[in-house]
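Here is the structure we will look at.
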Amino acid sequence: MKRSEIRENVFKLVFCGDFHSMTELPDQVESFFEEAVLPDEESGFSKFSEEERQEITDRFNQVKDRVHEIDAKINEVAQGWKTERMGKAELAVLRLAVYEMLYDETVPVKVAINEAVELARKYGGDDAPAFVNGVLAKLA
């Protein structure tokens, strides 16, 4: 699985996290992996490998554990927008990107921003890519 695919699945869990309490999250993560079907060239579908599952879960937990710090950084630079007012998809994209920019030394800042803009384009509203790019550019 490509890093961008790992990132997209982490994004989905971060997005899901906004709709559930901390006590519900472990069950939600388990449900995510049980129900997810990945495209596969041979059979048409497959499940996550144990290694992929562990990497996605670890990265999600790292974002979740720092969500208050990450939100504070976003609130510092998002002029006129607080995290409470942002769209859920845009906020999940920002949280993941800020985590990668500040805490994941394996991801170059430019890559984190570019990937976040692509996720915003796919999952956010019409203005999401520009909004995400503008917020993250202020943190770069």
Side-chain angles (χ1 to χ4, degrees):
M1 180 175 280
K2 296 181 205 172
R3 286 186 65 123
S4 60
E5 294 169 322
I6 296 284
R7 181 179 288 107
E8 184 170 358
N9 284 292
V10 174
F11 156 78
K12 290 175 182 178
L13 286 174
V14 172
F15 178 82
C16 177
D18 255 1
F19 297 96
H20 299 281
S21 70
M22 287 295 195
T23 57
E24 295 174 320
L25 281 179
D27 290 338
Q28 291 302 316
V29 170
E30 190 60 35
S31 292
F32 173 80
F33 288 114
E34 287 175 6
E35 296 174 13
V37 177
L38 306 172
D40 181 84
E41 291 178 21
E42 291 179 28
S43 64
F45 64 91
S46 68
K47 293 286 186 183
F48 291 95
S49 71
E50 193 55 42
E51 182 179 291
E52 293 164 343
R53 205 178 150 134
Q54 190 63 51
E55 183 175 355
I56 292 166
T57 302
D58 288 348
R59 290 175 64 81
F60 165 67
N61 285 328
Q62 291 166 4
V63 173
K64 177 183 60 105
D65 291 346
R66 292 179 174 90
V67 76
H68 296 295
E69 298 167 47
I70 292 168
D71 284 0
K73 293 288 186 187
I74 294 169
N75 284 327
E76 285 176 21
V77 297
Q79 297 174 340
W81 287 90
K82 295 296 177 197
T83 53
E84 298 85 28
R85 292 186 54 222
M86 293 178 188
K88 298 294 187 195
E90 291 82 355
L91 181 56
V93 168
L94 286 169
R95 284 175 171 162
L96 177 56
V98 171
Y99 165 78
E100 290 181 338
M101 292 169 69
L102 299 179
Y103 304 105
D104 189 342
E105 295 175 4
T106 67
V107 180
V109 170
K110 287 185 179 188
V111 171
I113 294 172
N114 288 340
E115 292 286 328
V117 169
E118 290 305 313
L119 285 171
R121 185 172 284 118
K122 185 171 182 178
Y123 293 101
D126 292 340
D127 297 331
F131 176 72
V132 166
N133 189 50
V135 171
L136 296 177
K138 292 176 184 176
L139 283 172

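In this chain, numbering begins with 1 at the start of the sequence shown.
- Side chains of I113 and M101 form a contact here, defined as non-hydrogen atoms less than 4.5 Å apart.
- The line from CG of L94 to CD1 of I70 is 10.5 Å long, rounded to the nearest 0.5 Å.
- For the pair Y103/E69, a side-chain contact is recorded, criterion being any heavy-atom separation below 4.5 Å from C-beta on.
- Here the options are Q54, E34, M1, E55, the test is side chain to side chain contact (heavy atoms under 4.5 Å, CB included), and the partner is F48; only M1 passes.
- Separation of atoms CD (E50) and CZ (F33) is listed at 9.0 Å; rounding is to 0.5 Å.
- Side chain of E100 to backbone of V111: no donor-acceptor contact under 3.5 angstrom is found.
- Minimum heavy-atom separation, G124 to A89: CA-CB, 4.3 Å.
- Separating the CD atom in E5 from the CD1 atom in I56 is a distance of 9.5 Å, to the nearest 0.5 Å.
- To the nearest 0.5 Å, atoms OG (S4) and CG (L119) are separated by 8.5 Å.
- Judged as a ring pair (Phe, Tyr, Trp, His ring centres under 6.0 Å), the pairs with a partner in residues 112-140 (not counting sequence neighbours) are, in order, F11-Y123, W81-F131.
- In terms of hydrophobic clustering, with Ile, Leu, Val, Met, Phe, Trp and Tyr side chains grouped at heavy-atom distances under 4.5 Å, L139 and V107 are assigned to different clusters.
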Are F19 and Q28 close enough, and set up right, to give a side chain to side chain contact (heavy atoms under 4.5 Å, CB included), and what steps lead you there? CA-CA 10 Å; F19 297 96; Q28 291 302 316; over 6 Å; no
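- Taking 4.5 Å as the limit, every side-chain heavy atom of V98 sits out of range of all side-chain heavy atoms of D71.
- There is no path of hydrophobic side-chain contacts, each under 4.5 Å, that joins F60 to V67.
- Shown here are the side chain to side chain contact (heavy atoms under 4.5 Å, CB included) partners of S31, two or more places apart in sequence or in another chain: E35.
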Run K12 and N9 through side chain to side chain contact (heavy atoms under 4.5 Å, CB included) and show every step you take. CA-CA 5 Å; K12 290 175 182 178; N9 284 292; 4.1 Å; yes
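- The distance from atom CG of L96 to atom CD of E8, rounded to the nearest 0.5 Å, is 11.0 Å.
- The environment of CD in E84 is crowded: more than 12 heavy-atom neighbours from other residues, nucleotides or ligands sit within 6.0 Å.
- Residues E30 and R53 are in side-chain contact: their nearest non-hydrogen atoms beyond the backbone lie under 4.5 Å apart.
- Tested against Y99, the residues R66, K64, Q62 include a single side-chain hydrogen bond (donor to acceptor under 3.5 Å, both in side chains) partner, Q62.
- Of all non-hydrogen atoms in A120 and V93, the two that sit nearest each other are N-CG2, 4.1 Å.
- Looking at every heavy atom in both residues, E90 comes nearest to G125 through OE2-N, 3.0 Å.
- Within a 6.0 Å sphere centred on CD of E105, heavy atoms belonging to other residues, nucleotides or ligands number 12 at most.
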Evaluate the criterion side chain to side chain contact (heavy atoms under 4.5 Å, CB included) for residue pair I74 and M86; output intermediate values, then yes/no. CA-CA 11 Å; I74 294 169; M86 293 178 188; 3.5 Å; yes
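- Between E115 and R3 there is no salt bridge, since none of the side-chain N atoms of the basic residue sits less than 4.0 Å from a carboxylate O of the acidic one.
- Environment of CG in D127: sparse, with no more than 12 heavy atoms of neighbouring residues, nucleotides or ligands closer than 6.0 Å.
- Distance alone, capped at 3.5 Å, places no donor-acceptor pair between the D18 side chain and the V14 backbone.
- Residues passing the side-chain hydrogen bond (donor to acceptor under 3.5 Å, both in side chains) test with D104, sequence neighbours excluded: R59, T106.
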